[in-house]
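Read through the structure below, which is laid out as structure tokens, and then see the notes.
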Amino acid sequence: MKTRKKEKIINILIIELAVFIMGKLFYGSFLGGIILTPLSIFLYKERQKQIRAKKRMALETQFKDMLGSVKNFV
């Protein structure tokens, strides 16, 4: 279950924007966002875990539905 390149780029941009906004809020400048950049690596990894879990749940649901259909067909 790999994520597409487009999804990765969008996630990175969203996370970086959030980190820069947090830097502006907490440090009063966007320079704080640069200081918080290592935080974005952690946030990106967590976001990837969430995306994989969501996709896995969708696949499990589809598989269960397929088994139910086969069971009703037989």
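Keep in mind that this is a model prediction, so the values were computed, not measured.
The side-chain heavy atoms of Phe63 and Met66, taken from C-beta on, include a pair separated by under 4.5 Å.
Tyr44 and Ile35 fall into different hydrophobic clusters, defined by Ile, Leu, Val, Met, Phe, Trp and Tyr side-chain heavy atoms under 4.5 Å apart, directly or through other members. In this structure, Val70 is a member of the same hydrophobic cluster as Leu67, with clusters built from ILVMFWY side-chain heavy atoms closer than 4.5 Å.
Put simply, CD on Glu7 and CD1 on Ile12 are 12.0 Å apart, with the number rounded to the nearest 0.5 Å. Interatomic distance, Lys64 NZ to Lys71 NZ, rounded to the nearest 0.5 Å: 13.5 Å. The distance from the CD1 atom of Ile10 to the CZ atom of Arg4 is 10.5 Å, given to the nearest 0.5 Å. Atoms CG and OG1, from Leu43 and Thr37 in turn, are 11.0 Å apart once rounded to the nearest 0.5 Å.
Cluster note: Leu17 groups with Ile21, Leu25 through ILVMFWY side-chain heavy atoms spaced under 4.5 Å, whether in direct contact or through intervening members.
Among residues two or more places apart in sequence or in another chain, the side-chain contact (heavy atoms from CB on, under 4.5 Å) test is passed with Leu36 by Val19, Met22, Tyr27. Partners of Glu16 by salt bridge (charged side-chain N to carboxylate O under 4.0 Å, His left out), not counting sequence neighbours: none found.
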Test log, rule side-chain contact (heavy atoms from CB on, under 4.5 Å), inputs Ile51 and Lys54: CA-CA 5 Å; Ile51 290 170; Lys54 186 176 179 180; 5.7 Å; no

